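Let me begin by presenting the structure, written as structure tokens, before commenting on it.
Remember, it's a predicted structure, so these values are computed and weren't measured experimentally. So you know, we letter chains A, B, ... as the sequences are listed, proteins then strands, and number each from 1.
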Amino acid sequence: MDLPHHGYRATKQRARAAPPQADPVLFEDTSSSASAMNTQGYYTPGYNMGAPSSDMQGGAGMDNLFADPMANAAMMYGSSLANQGKDMVNKEISRFMSVNKLKYFFAVDTRYVLKKLMILMFPYTHQDWEVRYHRDTPLTPRQDVNAPDLYIPTMAFITYILLAGMALGIQKRFSPEVLGLCASTALVWIIIEVLVMLLSLYLLTVHSDLSTFDLIAYSGYKYVGMIFTVLCGLLFGSDGYFVALAWSSCALMFFIVRSLKMKILPSISADSMGTGSAKPQLRLYITVATAVFQPIIIYWLTSHLVR
Amino acid sequence: MAFTLYSLIQAAILCVNAVAVLHEERFLSKIGWGVDQSIGGFGDEPGIKVQLMNLIRSVRTVMRGEVKRSTV
């Protein structure tokens, strides 16, 4: 895991390749060798086990699976049904989103997660914000610490919901419906933010390579700040909450501006040369508006947890 | 403001419906947002107003399912 940082060219074709498909055997019956001996007594020989049990025990090494043909047939039928269901689900899902692209976002490792969390909380010392490419495909998060991922936002979202439940429980305001309400509120705000970003990027004809998943990833990074804020609010009271809110807001705003600046603001001079002086300003407005929106939403979603 | 997913779906449907019922002749042309006024610069970037008009027109086309008569 000792990768050099600068000028690293990933020779492994891992950018868009799916992880190796380990085909799980669904109904691998490892207990049949042990239980076949026991069930012989229970399953009265109604099928063809009229043969003396000594015969069974003699060939028990090979015939365990066929000791009970009904169970065996049921097992095979069930596993074929499960495989069919799995194929159908995969086919339907791949109609809406490409699973390969999704797998790219989850190709993380521990080192990446730790570095990214540190950057999210303290981005002021990070020097190089460019997302590195390898022959036109972006590098996976394992190889490039600037690449967005979906693992951290997903985990942070779930942790936030659990933490909200805990915070409400501490204040004796907990009930199971509140948990679902909190989860759906946070999810709806993410969806709203992503839709507004997509709409504004479309209206200003910004030809960036920000896909929907990238936007979801960047929107989900605020949950790390939210968790930190709520924790400090619980531990240190109201003062700690506001201090942590200020800290994580500044850090998150810096992070978002630096990350999106590379993607949205035109750095290629071959683009719009002289058309419309309003363009760079509007793109800057989008970036700054996104950044300013983060602390607002952090405050909105956490203030009711810390009174 | 506690949102549920259902309220989001409701809001989305109402917004799309609002865009779909904008009348072409009576309203959009009057304020200069008709489809015949959007074919402008074939040059570079269209600009916000043209993009917005295209967006409205495409939403209306998808939601209404009609074939638009050409106004050339």
Tell me if the [atom1] atom of [X] is crowded by more than 12 foreign heavy atoms within 6.0 Å.
X         : atom1 : value
Tyr202(A) : OH    : yes
Phe174(A) : CZ    : yes
Phe293(A) : CZ    : yes

Shortest non-hydrogen contact from Val188(A) toward Thr4(B) |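 That closest heavy-atom pairing would be CG2-O, 3.7 Å.
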Practice prompt. Kindly state each residue pair satisfying side-chain hydrogen bond (donor to acceptor under 3.5 Å, both in side chains) with at least one member in residues 221-231 of chain A, sequence neighbours excluded.
Written response: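 Passing the test, one end in residues 221-231 of chain A: Asp149(A)-Tyr221(A), Glu193(A)-Lys222(A), Thr229(A)-Ser248(A).
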_Qualifying side-chain hydrogen bond (donor to acceptor under 3.5 Å, both in side chains) pairs with a residue from residues 163-183 of chain A, counting only residues at least two apart or across chains_ =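 Checked against side-chain hydrogen bond (donor to acceptor under 3.5 Å, both in side chains) - neighbours excluded - the pairs reaching residues 163-183 of chain A are Gln171(A)-Arg173(A), Ser175(A)-Glu177(A).
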Requested in this report: Could you look at Leu199(A) and say if it's the side chain, the backbone, both or neither that has a heavy atom under 4.5 Å from chain B?
Outcome: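 Answer is side chain: those atoms of Leu199(A) sit under 4.5 Å from chain B.
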Side chain, backbone, both or neither of Leu301(A) within contact of chain B (heavy atoms, under 4.5 Å):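 The answer is neither part of Leu301(A).
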For chain B, find its close neighbours in residues 211-218 of chain A: heavy-atom separation under 4.5 Å, sorted by number, or none.
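Residues of residues 211-218 of chain A touching chain B at under 4.5 Å: none.
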**Prompt:** CG/Leu187(A) to CG/Leu8(B) distance, rounded to the nearest 0.5 angstrom?
**Reply:**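 Output value for this atom pair is 9.0 Å.
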* **ring-ring contact (aromatic ring centres under 6.0 Å, His included) involving Tyr241(A) - partner list, sequence neighbours excluded** =>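 Counting only residues at least two positions away or on another chain, Tyr241(A) forms no ring-ring contact (aromatic ring centres under 6.0 Å, His included).
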